[in-house]
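A quick write-up on the structure given underneath.
All ligand and atom numbering here is 1-based and tracks the order in the structure. Heads up: numbering here begins at 1 and tracks the sequence.
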Amino acid sequence: MNTPITSAMERPGAAQPDTGSINPAIRKDFPILGRTINGKPLTYLDSAATSQKPSAVIGAIAEYYATSNANVHRGAHFLGNEATAILEDGRNEVAGFIDADPAGIVFVRNTTEALNLVASVSTAGLGEKDRVVLTQLEHHSNVVPWQLARERRHFDLQYIRVGDDGQLDLEHAALLMAGPTRIVSISHASNVLGTLQPVEPVIAAAHACEALVCIDAAQTAPHRKLSVRDLDCDFIAFSGHKMLGPMGIGVLWARPSLLERLGPFLGGGSMIDRVDSLTSTWAEVPHKFEAGTPDVAGVAGMRAAINYLNAIGMENIAQHDLYMGTLIRQSLEQIAGVTVLGSEQAATGTVSFSVAGVHPHDVATILDREGIAVRAGHHCCQPLMHRLGVSATTRASSYLYNNPQDVSTLVAGVRKVIGIFA
Ligand SMILES: Cc1ncc(COP(=O)(O)O)c(C=O)c1O
């Protein structure tokens, strides 16, 4: 028999966050949530991979192409100016969303491209005596770009250790900082465990030794009010598609003074001031880092996403995600044979778990038959998988449109999995 969901939240001592932060009627804003999958209503629990899109975002993209499409910055005509205004207004909107100076906002395709940019341009001049520090829970997109840069620059690459609960070992961080650390690049929240990382002390320790700090905010920009001023980081990267925006648009913010100092990443149109046959000079920041035709429709969609998130309120979203993460975690923990990974706080609504004797891919396949979309595998975090001693997990990740009914459906699905394999 299924345990009623409410009982998980009523357990003595269980955290009981307020559930009433988001109006459940917002589900109607997301057309895809009305779909049936394999004859069952869709239960979408894969938002850490990508979020679903409200009609406002879908409409903003269509409207851009229907009414304003033209290339930017070079048009001497009305539409070119209109498209440029959409791009630059979007830059201002994104800057406001993270409490930043618009001159530091570089539009890229996604978090991965932003991190490649940082790893490429910020390591120029580093050598064998210099150190770059990551953590054991990074997504591959905050690992591989640094490995590629290391092949060229031969710096020392170190990883802050992570405890069994998935939390950063701050003593080890301090130890690594004491060396010749030049750059620290860390994720703000784990895409596997849903835990928020204590980035503030790491940023303070890094700055005390004059190292630059890059924050991978792919998993926090959708869930938390971010302020680059409060965080005091040097770079921050995130993707539009995880925060209700379209795929193909992402953001790198860097201190404008830093962008001025660093060399460009990609070369081509829009990023130059003057081109001679052997040398070129660069456009002002942030355009120096935006080579080629930008994704203006993506910016229009991202702007609509930010407006949507702001209308709901990032504080309400954070509260809802903590509630959902806690509910998923506590509900799964009540099922015999299920182990939930990581510490108690699934702050971003993301929970990884394993079912004894069942491969995560089989769990996900059977859940899919029930219309439940979860993810199984290493989640692009093989170093963390090695650290936790597993090869894969099943991951359920919720967002502002999920509700306790989705958790009940997940719990019933997992019980079915266990029933099939028992
Ligand atoms: C923590 C983290 N960093 C980086 C990425 C890469 O994001 P994208 O695929 O949008 O570049 C992801 C995607 O899941 C992520 O979760």
Handout entry: Centroid-centroid under 6.0 Å between His320 and Tyr399 rings
Key = no

Heavy-atom nearest neighbour in the protein, as seen from [atom], with distance rounded to 0.1 Å:
{"atom": "atom 15 (C) of ligand 1", "value": "His139 CD2, 3.3 Å"}
{"atom": "atom 16 (O) of ligand 1", "value": "Gln219 NE2, 2.7 Å"}
{"atom": "atom 6 (C) of ligand 1", "value": "Ser141 OG, 3.4 Å"}
{"atom": "atom 11 (O) of ligand 1", "value": "Thr112 OG1, 2.5 Å"}

Handout entry: Cation-pi, Phe97 ring and Lys225 (6.0 angstrom, 45 degrees)
Key = yes

Problem - Option passing side-chain hydrogen bond (donor to acceptor under 3.5 Å, both in side chains) with His379 (candidates Thr394, Asn191, Thr393, Thr350) - result: Thr393

Would you mind telling me if ligand 1 is within reach of the side chain of [X], the backbone, both or neither, using heavy atoms under 4.0 Å?
{"X": "Lys242", "result": "side chain"}
{"X": "His241", "result": "side chain"}
{"X": "Asp216", "result": "side chain"}

Exercise for the section: In plain terms, say whether Asp368 and Lys40 are close enough for a salt bridge, that is, a side-chain N and a carboxylate O under 4.0 Å apart. Expected result: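 No, this pair does not count.
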
Exercise for the section: Salt-bridge test for Asp156 and Lys129: reply yes if a basic N is under 4.0 Å from a carboxylate O, no otherwise. Expected result: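 Looking at Asp156 and Lys129, the cut-off is not met.
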
Practice task
State, with a plain yes or no, whether a side-chain heavy atom of Leu259 is found less than 4.5 Å away from one of Phe289.
Solution key: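 Yes, their side chains come closer than 4.5 Å.
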
Practice task
Supply the atom-to-atom distance Asp216 CG to Leu115 CG, rounded to the nearest 0.5 angstrom.
Solution key: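 Here the interatomic distance stands at 5.0 Å.
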
Exercise for the section: Run the numbers for me: atoms of ligand 1, each under 4.0 Å from some heavy atom of Asn191, listed by number. Expected result: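 Result: 16 (O).
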
Fill in the blank from the handout: For Ser239, the ligand 1 atoms with a heavy-atom partner under 4.0 Å come out as 7 (O), 8 (P), 10 (O), 11 (O)

